[in-house]
Q: 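Supplied in structure tokens, the structure appears directly below.
Remember, it's a predicted structure, so these values are computed and weren't measured experimentally. To find a chain, count down the sequence lines: A is the first, B the second, and so on, and within it residues start at 1.
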Amino acid sequence: MASMQEIRQRINSVKDTMKITNAMYLISSSKLRKARSGRDATAPYFDTLQATINDILVRTPELSEEGLFENRDQKNKIKRCFIVVSSDKGLAGAYNHNVFKLVDEKIADADENVDPVNTIILVGHMGLTYFKGREDVEIDEEHIYPCTDPKMFRAREIAENVIERFTADEFDEIYVVYTKMINSMYFEPKIMRILPLTRGMFEDAPELDQDLKEPVFSPSPEEVLQHIVPNYVKGLIFGAIVESFACEQSARMTAMDNATTNAKDMIDELSLIYNRVRQAAITQEITEIVSGAQSTN
Amino acid sequence: MSTFKLEIVATDKIFFSGDAEFVTLPALDGEMGIMPEHDTMVVAVKAGELRYTVNGTVNDCAVGDGFAEILGDRVTVICDFAEHDFDIDVMRAESAKERAEERIKAKRSQIEYVHSQAALARAMARLKVTSKMKQNR
């Protein structure tokens, strides 16, 4: 059995760790409040944007413009780009890992006949350690974006970056991988294709009940799409980052709460052992004294 | 008077949702008025002034880049920001305008130029709406 001193040291070290996890729990719960209100404010925009774009796509069957809309010809090489929204810091339970796992699944499920090239654009630094050094993916290390405090201008930066490379034929497909908040306790990693735009790409979009009348584009389809597509890509990326950020805070809060509870349990258990060892030592000492006194008599 | 359902959604809030009689959008090629029973249409919206009429009162607001979908009895405007004339911080818009103008003068890279131009358009949209509000007083 371990000595008293050893157990005491152990208890102290667990206590120190608990202080940290408890502080992180408090910090993330206050950050979560802010992130949640930001997320709730952006959610209608995110949903309406998807629904409206879906609506436009369903109504206009023969849309094709500048390579932003049309599906590229199936070549034997497909260049895919993943915008992976993870976190800047760890200690958030399985939050980051769930996102990365989904990316892995998507990478693995490519068509056998085509040779995929996968590029990853990271939002949040945690992805770097996970994807670095792998042969099947390429990380765009020049553009690693922070994910804390989501701002519109950052989404604009990312959108401009991917659209430019999409038009330059560097990418054939662009996906965004993020975490969606289902309710305050439950989130789900999601993958969403941003470009090229095709019908039925938004699985969550509501059914249309109105007659499918083709809309008139003002001033002209080309100009409208030229204007809408960057706006839509930016909006979608922004929404995804805001959503993920709220999930990250929530995941960290739960993880840190669990860690603190575990630390408490551990301290309880260790205190019990400590007391037992102490009691044993005392008993032994008394026995020694008693037997010593008896022998002198 | 006949109305249609108008929804103006900005990135940070649902700016307006309800019945309106008339709305004027800042389209790419100039202002565009929409009344009930309009043809199905998709319009690109640029930063500028948007006016909507509810119960005969005209509401003035500034909107950012975006687009609008018109579907018979429903008009959805999706834009970067939307602010009422009385909510706009004139000082902030003024200084944003000055900053953007200065950056345009400095004219660094092409991308920066486009950014500055967009920032200028946003500031101008806000200021235009507020200056009109002052005149009306």
Q: Chain A heavy atoms under 4.5 Å from B:Ala10: which part of the residue, side chain, backbone, both or neither?
A: backbone
Q: Answer yes or no: are there more than 12 heavy-atom neighbours, outside B:Met124 itself, under 6.0 Å from its atom CE?
A: no
Q: Are B:Phe67 and A:Ile53 packed together at the side-chain level, in the sense that at least one heavy-atom pair is separated by less than 4.5 angstrom?
A: yes
Q: Suppose a student defines contact as a heavy atom less than 4.5 Å from any heavy atom of chain B. Which residues in residues 243-253 of chain A would they list?
A: none
Q: For A:Ile228 and B:Val42: C-alpha separation, side-chain torsions, deciding distance, then whether side chain to side chain contact (heavy atoms under 4.5 Å, CB included) applies.
A: CA-CA 10 Å; A:Ile228 286 181; B:Val42 176; 3.7 Å; yes
Q: Please enumerate all residues that pass salt bridge (charged side-chain N to carboxylate O under 4.0 Å, His left out) together with B:Arg122, with sequence neighbours excluded.
A: none
Q: Is it true that, when you exclude A:Lys89 itself, more than 12 heavy atoms of the residues, nucleotides or ligands shown sit nearer than 6.0 Å to its NZ?
A: no
Q: Of the non-hydrogen atoms in B:Ala44 and A:His227, which two are nearest, and what is the gap between them?
A: CB-CD2, 3.6 Å
Q: Calculate, to the nearest 0.5 Å, the distance between atoms CG and CZ belonging to B:Asp65 and A:Arg156 respectively.
A: 8.5 Å
Q: Would you give the length of the straight line joining atom CD of B:Glu69 to atom OG1 of A:Thr48, rounded to the nearest 0.5 angstrom?
A: 11.0 Å
Q: Under the criterion side-chain contact (heavy atoms from CB on, under 4.5 Å), which of B:Thr11, B:Asp12, B:Ile14 is the partner of A:Tyr45?
A: B:Thr11
